[in-house]
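Below you'll find the structure, written out as structure tokens, and then a few comments.
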Amino acid sequence: MRTFTGPHTLYSFVMRQKRAGKRIGLVPTMGYLHEGHLSLIKKAHIDTDCVIVSIFVNPIQFGQGEDLAAYPRNIARDKKLAKIAGADAVFIPSAESMYPPDYSVYVTERNLSKRWCGEHRQGHFTGVCTVVLRLFSVCAPDCAYFGQKDIQQALIIQKMAIDLFLPVSVVLCPIIREHDGLAMSSRNVYLSPSERLDALVLYKALTHAVARFKEGIFSAGQLTGEMNAVIQTASSARIEYIACVDGKTLEPVETLSSGCRILLAVRIGTTRLIDNILL
Ligand code: AMP
């Protein structure tokens, strides 16, 4: 597996692969890899001939007071895991090479980004779109892989690819969970043992809603109220939002139907967790 830190050397590598007829798969990550990330790398390895995993804690997608400085990092371990999962190259750029001092172009999606995480993390999705477009330019991927764990992000990237005519297929992959249902996340490492137990309320609330939906409860208000009660059972939990939405537009719905999604953002102590489920 090759390691690249500069965009120019990676781009030369990519062009050589393309000339050899290879299809490029890209898996953008912020590192501290877990089985969720590895599932994307494995899928890319099945679909394409040359898998690039980027590891970059993107400063411009963090707001003031967020966890940029504290974000967990372990590059040596990440490289080993990426290689075992099927990566052919890792791209680990410096912040300076991604954003030189005179950097001035940003990409903003204006519809899907308005609500939910976009509302609570101002500027976050502009940071995400900008870094992903930059990674697409350097890696020229045929396919790029994103997790449904961050469904709003994944749909925004898909829309960016459509609206900007980017020649990349954006592949959405299933959410990978711990054995007890907690969605895997690099941020789970912040949780104390008691918070780790409290964090189970996210998945409990989502599965409760699915069970009630299957019983014939379709009212978003009713289900949101019940999920609220499930989450309140955890003393360290503070709800940021619970949203019943259309699965494609992420606009709120009053009546749930198959294909809708329920989205959650909850703080467990100081750790912000998100999760969602498709009905
Ligand atoms: P991150 O390193 O958190 O920015 O995530 C990098 C990619 O991995 C994103 O496309 C995420 O949606 C995806 N991802 C993170 N956690 C999971 C998970 N539990 N299951 C599936 N994909 C995930």
Side-chain angles (χ1 to χ4, degrees), residues 25-45 47 51-63 66-68 70-75 77-79 81-82 85-87 90-93 95 98 112 116-117 121 124-136 139 141 143-161 168-191 196 199-200 202-203 206 250 261 263-266 271-278:
L26 172 66
V27 180
T29 81
M30 296 207 298
Y32 212 70
L33 302 185
H34 51 66
E35 287 296 331
H37 299 114
L38 301 183
S39 72
L40 308 185
I41 301 172
K42 288 174 190 166
K43 170 84 172 119
H45 182 62
D47 292 356
V51 178
I52 304 171
V53 177
S54 64
I55 300 174
F56 180 58
V57 182
N58 177 32
I60 67 166
Q61 72 185 65
F62 287 77
E66 291 187 1
D67 57 341
L68 172 62
Y71 199 83
R73 291 163 170 90
N74 189 339
I75 292 290
R77 182 171 168 273
D78 286 351
K79 279 167 82 166
L81 292 175
V90 285
F91 178 43
I92 311 175
M98 290 300 274
L112 289 160
W116 321 129
C117 289
R121 301 183 72 189
H124 170 67
F125 287 122
T126 291
V128 170
C129 286
T130 302
V131 78
V132 170
L133 182 58
R134 217 155 151 68
L135 291 169
F136 284 180
C139 302
C143 302
Y145 297 82
F146 293 86
Q148 294 181 32
K149 153 88 171 18
D150 303 274
I151 187 66
Q152 189 174 13
Q153 162 177 285
L155 292 175
I156 290 168
I157 300 295
Q158 245 179 1
K159 188 65 166 47
M160 175 175 82
V168 54
S169 148
V170 175
V171 182
L172 272 50
C173 303
I175 302 175
I176 307 297
R177 299 180 177 282
E178 302 285 357
H179 64 280
D180 55 7
L182 177 66
M184 289 197 178
S185 164
S186 305
R187 290 190 165 100
N188 291 348
V189 71
Y190 297 145
L191 301 168
R196 175 65 183 74
L200 290 176
L202 279 86
Y203 190 58
L206 291 172
L250 300 186
R261 258 184 212 269
L263 315 178
L264 276 183
V266 178
T271 305
R272 182 178 184 277
L273 300 178
I274 59 171
D275 201 349
N276 70 87
I277 208 156
L278 180 67

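Remember, it's 1-based here, ligands and their atoms both numbered in the order they're listed. Please read these numbers as outputs of a predicted model, since none were measured by experiment.
Judged by distance alone, with hydrogens and angles left aside, the side-chain atoms of Q152 form a donor-acceptor pair with the main-chain N or O of C117 at under 3.5 Å. A donor-acceptor pair under 3.5 Å is formed between the side chain of N188 and the backbone N or O of A183. In this structure, the side chain of N276 engages the main chain of K149 through a donor-acceptor pair within 3.5 Å.
Protein residues are said to neighbour a ligand when one of their heavy atoms lies under 4.0 Å from it; for ligand 1 these are P28, T29, M30, H34, G36, H37, L40, Y71, F146, G147, K149, D150, Q153, P174, I175, I176, M184.
Between D67 and R272 there is no salt bridge, since no side-chain nitrogen of the basic residue lies less than 4.0 Å from a carboxylate oxygen of the acidic one.
With a 4.5 Å cut-off on side-chain heavy atoms, V132 and F146 count as touching. For the pair S39 and Y145, the minimum side-chain heavy-atom distance is 4.5 Å or more.
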